Structure formats: C-alpha cells, structure tokens
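Beneath this line is the structure, given in structure tokens, with notes to follow.
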Amino acid sequence: MNTIKSRTEEHIHNVLSNRSELRHIDPLHAQNDVELLAQIGYKQELDRHYSILQVFGIAFSIMGLLPSISSTIATGLEGGPASLVWGWMLSSIFIFCTGTSITILGSSMPTSGGLYYYTNYYAPDIIRVPLSFLIGCSNTLGLMGGICSICYGFSVEVLSAVSISTDETFEITNAKLYGVFAACVVSNVIVCCLTTKHTASLQTVSIVWNSFISLLFLIAVPIGVSRSHSFNNGAYIFGKIENFRTWSPGWSFMLSWMPAIWTIGGYDSVIHCSEEAKQAQKAIPYGILGSIGACWIIGWAICIVCAASIKDGNTLATLETATGSPMAQIIYDSLGKDWAVAFMAMIAVGQYMMACSIMIAASRQIWAFARDDGLPIVYNFIKYVNPIIKVPIRATMFAGCASLILGLLVLVGPAGANALFSLGVASNLLAFGMPVFLVVLPYGRKKFIPGLFYLGDLGSYMVHIVTSCWVGYVIVMSMFPDNKGVDASTMNYTVAVNLSVWILCLIYFFVYGYKFYSGPKSNLDREIPESINGQEPEMTFDQVMDYDKEKV
C-alpha cells in the first residue's frame, strides 16, 4: 500500500509540475495587434479582416434574436406570458454583467484561446494546467452544443413552414428533423471553409438580415393582430403567471428565464475571433456589450409582442400547436397562412446565418486549443492552418463532424433536443465563470493588468462577484428537467453529457494528456518588432518579418 501511495503521489507531482512558463503581458503598451499577440505568445497566423462592426456582427448573428426566440419561446411560455416577458428582462441584467466581466478579460488579452488561456494565467500554479484543460474542453463542448441547438432550431423552423403550407398534413418526425439538421451542419462547414474575408462579409449581411426580420415582426404582427383578433391586455402580458410544468410556480418562473439565457449567449465568439479582428482591444467591448445590449432591448420588445398576440390569451393552445413551433402559430393566427410560411422561411434564413457564425467561433476555439496541444488525441492534425486562405479548415471539419454525432440526441425526441440547448448553456457558462472567479480571488487579482476596457478596481471587482454567483446558479438550473417526473423521454441529458465529459477530460489529462498539454504554449521562434513606422499595418507575422529583412 505504501508503494502504491508513493507512486501515486509521484505521478500526481509529475503531472502538476509539467506546466509551461507564463508570459508577462502589458496590453496598454503594445503598439499594435501583432505585437500584443506576440506578448501573449503566438504568431499572427490568421488574416485580420474583421472590422469593429463585423466583430459585433459575429455575436449579434449568433444571438439572432427572432430566430432564437422562435426556437426557445416554448420554454418561456410554460411559465405563462409574464414569465417570458419578465424572465427576459431580469436575466438580461445578469447576462450584461457576465458580458462585462468577459470584456474586461478579453480586452486585456485578446486571443482565440481566450477562456482557457485566462484560466491558466490567473489560477494558482498547482492547478492551472488541469483546470485550463478542463475549461478548454468545456468551452469546445459548449460551442458544439451551440451549433447543434441552432441547427436544430433551423430544422424546426423549416419543417414548421412546410407543415403550415400543407395545412398541417405534413408529419414532423425525429428522423426528418435530424435530416434537415445534418444538411444544415454539413453546408455550414462548406461555407465556413471559405476565406475569412468572405465569412467576415457574411457578418454584415447577418446584421442587416436579423435587424430587418426583427423590425418586420414588430410592425407586421401587431398590424395583423389588430385586424384578426384583439390584443391581450397588460394584466395578461405583464402579470399572467401560469404553470404548465409539474414544478412549483416559483421554480417554473425561473426556468422560463432560459430563452434569454440561451439567446443572449455565444458572446465569447468575439474572443475566439479576436486574432482576426482589427484593433482587437477596441473591437471586443463593442462586439460583446453592443450585441448583448441590442438583444436585451429588442428581444424584450419581441417577447412583449408575442405575449400580446397570443390568440384569445390561450397560452396552452399556442404551446400545443400542431406546427411544432409556438412562434409559427402566433404568426399564423395574426397574419394567416401565407405570411406565416414567409415569416418562418425568413426566420430560418436568419437561423442559418447564426449557425455559420457559431461554426466560425467554434472552429477558432478548437484550432486554438489544438495549437496548444490541448485537443485530445487529434491536436496535431487539427492545428493546421491552410497557408493559402489562412483558415483552420480541419478544425472547422472537426466541429461539423462532432456536431453531427452530438446531434444524434435529436433522435431521442424532445428531451434529447432540449438537452442540446441547455448543453451549450452549462458548458459555456463554466468556461465563462472560471476565469472570472479566479480574478476575484487574491492570487488572480494581483496578476491582472487591465486593457483598454476597465471599470476600475472596485467596479470591476463587484461585477466579477455578480458574474460568479450568476454563473454558478445558471449551471445548476440548466441541468434541471422540465418537469418533476423523469423518464427516458423527459430526462434532461445535459447532466449526463456535461458531467461525463468533464470527468473524462480530467481522467484523460491525469492519465495521458499531461504528456502533451502543459498549458498554452508560445509558438514564437523569434521576436516581432514593436511597429512599422509607428503604424498598425494589416500584416501577418511573416509579412512583418519580411518587411524588416528588406529594411535591413
């Protein structure tokens, strides 16, 4: 027994002592994006094509207001219209705090690895490597869960449009849902393997499209309601608490916060695309806080219009619609068949653009994690960047293949599909919350050097405290089933999938993964000049070096 104990202690010591050196990072004294990235420890391998507006578009597109609300409105309405409306408003306050915390960290160290890099940087030495490995795996899983849930929402919207156009004679089955889901994933991989320049332009298109359909909804649906049936009164919209779950009314009200929590998520995508952003330290605050703020206000208006437009105030009938989508039923009751089909088609287009944006973000996280030898087993294959178009094609394909496998939960039925939504929430929130919590602790707080976005010591500390508490609460809430009675068809598989992945990741690391992953590793083999003529040129690392050679 003493021998086993001794060997175990020696093994754990070897695992925990294998850690890469931390770098000194001073974001306020970096001359340009390339130099700051070099301070962080990486070469400029991707092209910087994203403007500040397009960085905003990445997060705003992933949130995709009207398509996202269409995908999750049933969860909100199960607590009644007031639960949907106030759940959106109240949860958005805490989401904005969380986004502020991520912005403070991201503005200081803008790198595609982002959250696992911050975890490694701010955690105590003894645990920083395994903890950052766990966060890297969790963030990757969360983003792939986001791909799955968005593509599933797309399939529901497409088939709902078909159901309405055929007067509800078309049968929506799990197999058909997965078929459309798979087509969405595969085509997204193809689109996202185009050059970054083209995918950057897609973000601008997505901003325009999502803004257009949201505005059209806010104008057309109220006009339709005024002509077809009367609006519900303020008491129904803001005060009607119903409970179509078997939980208590109070907890049912809390579960109805999930539409906003799921919709106003994915803002870490701005961090993952920061190595492709111009003026990354400035673009990150605009991208994260701008997208959250816009979705907070516009989304609340959409929720109010939805609650006001439910025909005859019959929430249950809207939830049990044969179209499979309460949003489709609301539009159908307000505007009729033709408009409902047209709206669902437009919403599906917006949802597809959301899928493209999150596929880009997920591929960059996967690539960054592989660059540091963190992605289990296949990291050497995945870290490759195509030298011609400078896009991590293999990481994109990996994200697509993993999403197709994870998406098989759709075949389980509604419970499996719902797990895809909460899966992304739980995994991503763990990744959001861990580095923020570490900066709250004295060890991490001493190491933090602010970037361009900072609220001062006290203001930032208070926001971080709120974020840490909120994240812990929502992770637990996202793992609850929708009702008390649980069987194979009503189980929330988020618990099983997330906990299994988290535990297996740690087991893999301590048994085998520690040999390769020792935390973020610098891939610089030479110094990068501070600037060229005091300017911030749009140059890759190699172009900067070639320029210096020519000058010499």
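Computed from heavy atoms alone, side chains included, the values below leave out hydrogens, waters and symmetry copies. Here the structure is a predicted model, which means the values were calculated and not measured.
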Is a side-chain N or O of [X] found less than 3.5 angstrom from the main chain of [Y], in a donor-acceptor match?
{"X": "Gln351", "Y": "Ile150", "answer": "yes"}
{"X": "Thr140", "Y": "Ile366", "answer": "no"}
{"X": "Thr75", "Y": "Ser256", "answer": "no"}
{"X": "Glu35", "Y": "Asn32", "answer": "no"}
{"X": "Ser107", "Y": "Phe453", "answer": "yes"}
{"X": "Ser269", "Y": "Gly266", "answer": "yes"}
{"X": "Ser427", "Y": "Leu141", "answer": "no"}
{"X": "Ser363", "Y": "Thr396", "answer": "no"}
{"X": "Trp209", "Y": "Val349", "answer": "no"}
{"X": "Thr111", "Y": "Gly114", "answer": "no"}

Decide yes or no on side-chain hydrogen bond (donor to acceptor under 3.5 Å, both in side chains) for Trp262 and Ser68, but give the supporting numbers first.
-> CA-CA 8 Å; Trp262 184 82; Ser68 292; over 6 Å; no
May I ask you to test the [X]-[Y] pair for a side-chain heavy-atom distance under 4.5 Å?
{"X": "Leu65", "Y": "Asn210", "value": "no"}
{"X": "Val305", "Y": "Pro222", "value": "yes"}
{"X": "Met254", "Y": "Met258", "value": "no"}
{"X": "Cys193", "Y": "Val189", "value": "yes"}
{"X": "Phe56", "Y": "Ile207", "value": "yes"}
{"X": "Met354", "Y": "Ser357", "value": "no"}
{"X": "Leu115", "Y": "Leu105", "value": "no"}
{"X": "Leu441", "Y": "Phe437", "value": "yes"}

For the pair Tyr121 and Tyr117, name the ring-plane relationship: parallel under 30°, tilted 30 to 60°, perpendicular over 60°.
->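 Correct class here is parallel.
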Using the six-membered ring wherever Trp is involved, compare the ring planes of Tyr122 and Tyr118 and label them parallel, tilted or perpendicular (cut-offs 30° and 60°).
->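 Rings of Tyr122 and Tyr118: tilted, 30 to 60°.
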What heavy-atom pair brings [X] and [Y] nearest, and what distance separates the two atoms?
{"X": "Met353", "Y": "Ser206", "answer": "SD-CA, 3.6 Å"}
{"X": "Asp33", "Y": "Ala277", "answer": "OD2-O, 3.6 Å"}
{"X": "Met327", "Y": "Ile73", "answer": "N-CG2, 4.0 Å"}
{"X": "Glu157", "Y": "Ser71", "answer": "OE2-OG, 3.3 Å"}
{"X": "Ser403", "Y": "Val185", "answer": "CB-CG1, 4.4 Å"}
{"X": "Asn428", "Y": "Leu143", "answer": "OD1-N, 3.7 Å"}

Chi angles and distances behind the ring pair (Phe, Tyr, Trp, His ring centres under 6.0 Å) call for Phe369, Tyr116 | CA-CA 8 Å; Phe369 199 34; Tyr116 76 85; 4.9 Å; yes
Would you give the length of the straight line joining atom [atom1] of [X] to atom [atom2] of [Y], rounded to the nearest 0.5 angstrom?
{"X": "Ile330", "Y": "Ser325", "atom1": "CD1", "atom2": "OG", "answer": "8.5 Å"}
{"X": "Ile40", "Y": "Met109", "atom1": "CD1", "atom2": "CE", "answer": "7.0 Å"}
{"X": "Ile302", "Y": "Leu218", "atom1": "CD1", "atom2": "CG", "answer": "5.0 Å"}
{"X": "Ile135", "Y": "Asn139", "atom1": "CD1", "atom2": "CG", "answer": "8.0 Å"}
{"X": "Ile62", "Y": "Ile147", "atom1": "CD1", "atom2": "CD1", "answer": "9.0 Å"}

Partner set under side-chain hydrogen bond (donor to acceptor under 3.5 Å, both in side chains) for [X], not counting sequence neighbours:
{"X": "Thr494", "value": "Ser422, Asn492"}
{"X": "Tyr152", "value": "none"}
{"X": "Arg128", "value": "Asn120, Asp125"}

Salt bridge check: are [X] and [Y] linked by an N-O gap of less than 4.0 Å?
{"X": "Glu275", "Y": "Lys43", "answer": "no"}
{"X": "Lys521", "Y": "Asp373", "answer": "yes"}
{"X": "Arg364", "Y": "Glu276", "answer": "yes"}

Could you check Arg371 against Glu45 for side chain to side chain contact (heavy atoms under 4.5 Å, CB included), going step by step and ending with a plain yes or no?
-> CA-CA 11 Å; Arg371 177 177 59 181; Glu45 297 183 80; 3.8 Å; yes
When you look at CE of Met397, are more than 12 heavy atoms from neighbouring residues, nucleotides or ligands closer to it than 6.0 Å?
->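 Counting neighbours around CE of Met397, 12 or fewer heavy atoms of other residues, nucleotides or ligands fall under 6.0 Å, so no.
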When you look at OH of Tyr454, are more than 12 heavy atoms from neighbouring residues, nucleotides or ligands closer to it than 6.0 Å?
-> yes
Taking atom types as modelled, is there a side-chain donor on [X] or [Y] under 3.5 Å from an acceptor on the other?
{"X": "Ser132", "Y": "Thr119", "answer": "no"}
{"X": "Asp372", "Y": "Tyr379", "answer": "no"}
{"X": "Ser112", "Y": "Trp367", "answer": "no"}

Identify, with sequence neighbours excluded, every residue that meets ring pair (Phe, Tyr, Trp, His ring centres under 6.0 Å) alongside Phe217.
->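 Applying ring pair (Phe, Tyr, Trp, His ring centres under 6.0 Å) to Phe217 gives none.
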What residues, two or more places apart in sequence or in another chain, satisfy ring pair (Phe, Tyr, Trp, His ring centres under 6.0 Å) together with Tyr352?
-> Phe154
Quick one: side chains of residues 89-101, donor-acceptor pairs under 3.5 Å with protein atoms, not counting sequence neighbours, listed by atom name and distance.
| from | atom 1 | to | atom 2 | distance (Å) |
| --- | --- | --- | --- | --- |
| Ser91 | OG | Gly87 | O | 2.5 |
| Ser91 | OG | Trp88 | O | 3.4 |
| Ser92 | OG | Trp88 | O | 2.6 |
| Thr98 | OG1 | Phe94 | O | 3.0 |
| Thr100 | OG1 | Phe96 | O | 2.8 |
| Ser101 | OG | Cys97 | O | 3.4 |
| Ser101 | OG | His464 | ND1 | 3.0 |
| Ser101 | OG | Thr467 | OG1 | 2.8 |

Evaluate the side chain to side chain contact (heavy atoms under 4.5 Å, CB included) criterion for residues Gln279 and Ile284: first the C-alpha distance (whole Å), next the side-chain angles of each, then the deciding distance (0.1 Å), finally the verdict.
-> CA-CA 9 Å; Gln279 298 180 300; Ile284 286 173; over 6 Å; no
